[in-house]
Amino acid sequence: MAGVGIRAVILRRANLRYEFPSDFVRRIEGQTVRGVARRAKYLLVELGSGDALLMHLGMSGSFRVVQRNSREKGLHKDRYGLHDHVIFELSTGTVVVFNDPRRFGFMSLLAPGEVGAHATLGRLGPEPLTPRFDSAAFASALHRRKTSLKNALLDQRVVAGLGNIYVVEALHRARLSPLRRASTLATRAGEPRAALDLLVQAIRDVLKEAIRNQNRTGGDDRFRVYDREGQRCPRRGCGGTIKRIVQGGRSTFYCPVCQR
DNA sequence: ACACGGACCTGAAGGC
DNA sequence: TGCCTTCAGGTCCGTG
C-alpha cells in the first residue's frame, strides 16, 4: 500500500457511528498512502500529509476490494448498495468499498500529534502477539479486578484486540471458567503462574489460528465452544456439555466440567 | 477507579 | 404469508 495514491473518495452518507469530519474528503483526496497499521481493532492509514485516517469496523463493517475493470466498474454511485457508505478509488485502479449495515463502525482523521493524544487509543492494553504481553504484565492488569475473567478480557485496556468470540475460545483452551473473578488468577496460592501462563498462551494460539484461517469460509469447525450450546465439550475425555450464559449483556459459551 | 446497564443501528432467524 | 421477538464478532456514556 505504501506509495499508492488516493484519487477519489465518495461519502454516500453523512455519518456512520459519528459524523464524518466536514473536511474528510478534501483532506484525503490526492494524498499518498505512507503506511498502514493496526492497533487493537483500529486501522490506521498514514497519509503523505501527516494526517492519519482512523477506522473501525464496529460489528458489521467490512471492506471489499474491487478491480476497476471487473464487473463493478467506475465510481458511479448507482453501482453501490444501500450499505456501501465510503468508496476509495486508488491510483492503481483498485477501488476499496466500506460496507457497514449497522453503522457501528466509524472513520475519522487525526492530525499529526492527535494519534498519541487519542484517549481510547492511549489507554489500550498490550498487543497479545507482542512480547509486551506476558504473564507479569497480565497479572498486574488483572490483580485488582473484581469483575469476571470474561469481562476483564473483553476490556481493551487489559489486553487489546480480543472480542467476544476469541475471549470465549481462549478461556476454554486455558481451562478457565469465564465466571471466575479476574483477580484470583494473579493471586491464587498454589497456582503460582501456571494458570496465567496458560491463558497467555491460549490467547496467542487462538489469535494465530484465526489469522491463519482468515480466508476459510463457513466451516463448522472454526470454534470449539462459541455458539455450541448443548453440544459435547470437544476436550478429549471431558464429557461435559457446553453451556450458554450472559455476562455483561453478551453471550458466553463454556464447559462447566473442564473450565475452572 | 471500577462496574454495570443501556444506547447506538439493521438484518437474519426462529416461533406462532 | 406475515408479525413479533430475540440475537448478533463493539464501543461509549451515564449512573452508582
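Reminder, nothing fancy here: chain letters follow the sequence lines and each chain counts from 1.
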Checklist entry - Does any donor atom in the side chain of A:Thr94 or A:Gln67 lie under 3.5 Å from an acceptor atom in the other side chain? => result yes
Checklist entry - Without hydrogens or angle criteria, can the side chains of A:Gln201 and A:Asp205 be said to hold a donor-acceptor pair below 3.5 Å? => result yes
Counting any heavy atom closer than 4.0 Å, what does [X] reach on the DNA or RNA strands: base, sugar-phosphate only, or nothing?
X: A:Ser251; result: sugar-phosphate
X: A:Tyr226; result: sugar-phosphate
X: A:Arg244; result: sugar-phosphate
X: A:Gly249; result: nothing
X: A:Arg145; result: sugar-phosphate

How close or far is atom [atom2] of [N] from atom [atom1] of [X], stated in whole angstroms?
X: A:Leu154; N: B:dA3; atom1: CG; atom2: C1'; value: 14 Å
X: A:Arg250; N: B:dG5; atom1: CZ; atom2: C1'; value: 13 Å
X: A:Met59; N: B:dA7; atom1: CE; atom2: C1'; value: 12 Å
X: A:Leu57; N: B:dC9; atom1: CG; atom2: C1'; value: 16 Å
X: A:Lys150; N: B:dA3; atom1: NZ; atom2: C1'; value: 15 Å
X: A:Asn99; N: B:dC9; atom1: CG; atom2: P; value: 17 Å

Next on the checklist: Testing A:Val167, A:Leu176, A:Thr147 one by one against A:Leu153 for a side-chain contact (heavy atoms from CB on, under 4.5 Å), which residue passes?
Outcome noted: A:Val167
Checklist entry - Looking only at heavy atoms, which two atoms of A:Leu142 and A:Ala152 are closest? And how far apart? => result CD2-CB, 3.8 Å
Checklist entry - Which atoms form the tightest heavy-atom contact between A:Gly161 and A:Lys41, and what is the distance? => result O-CE, 3.5 Å
Checklist outcome for this item: Each base of DNA chain B marked ( ) or [ ] if paired in-strand (Watson-Crick or G-U under 3.5 Å), | if paired to another strand and . if unpaired gives .|||||||.|||||||
Checklist entry - Partners of A:Ser49 by side chain to side chain contact (heavy atoms under 4.5 Å, CB included), sequence neighbours excluded? => result A:Gln31, A:Leu47, A:Asp51
Checklist outcome for this item: Hits for side chain to side chain contact (heavy atoms under 4.5 Å, CB included) against A:Ala141, two or more places apart or cross-chain, chain-then-number order -> A:Val158
Item to check | With A:Arg173 via salt bridge (Lys or Arg N to Asp or Glu O under 4.0 Å) - residues at least two apart | outcome: A:Glu209
Interface polar pairs with nucleotides 10-14 of chain B, N/O, under 3.5 angstrom:
from   : atom 1 : to       : atom 2 : distance (Å)
B:dT10 : OP1    : A:Arg103 : NH1    : 3.4
B:dT10 : O3'    : A:His83  : NE2    : 3.4
B:dG11 : OP1    : A:His83  : NE2    : 2.7

Item to check | Where chain A begins and ends its contact with DNA chain C, read 5' to 3' at 4.0 Å from heavy atoms | outcome: C:dA8 to C:dC12
Checklist entry - Do the ring planes of A:Phe20 and A:Phe24 sit parallel (below 30°), tilted (30 to 60°) or perpendicular (above 60°)? => result tilted
Next on the checklist: For A:Arg79, is there an ion pair with A:Asp84 - N to carboxylate O distance below 4.0 angstrom?
Outcome noted: no
Item to check | Presence of salt bridge, A:Arg26 and A:Asp23, under 4.0 angstrom | outcome: yes
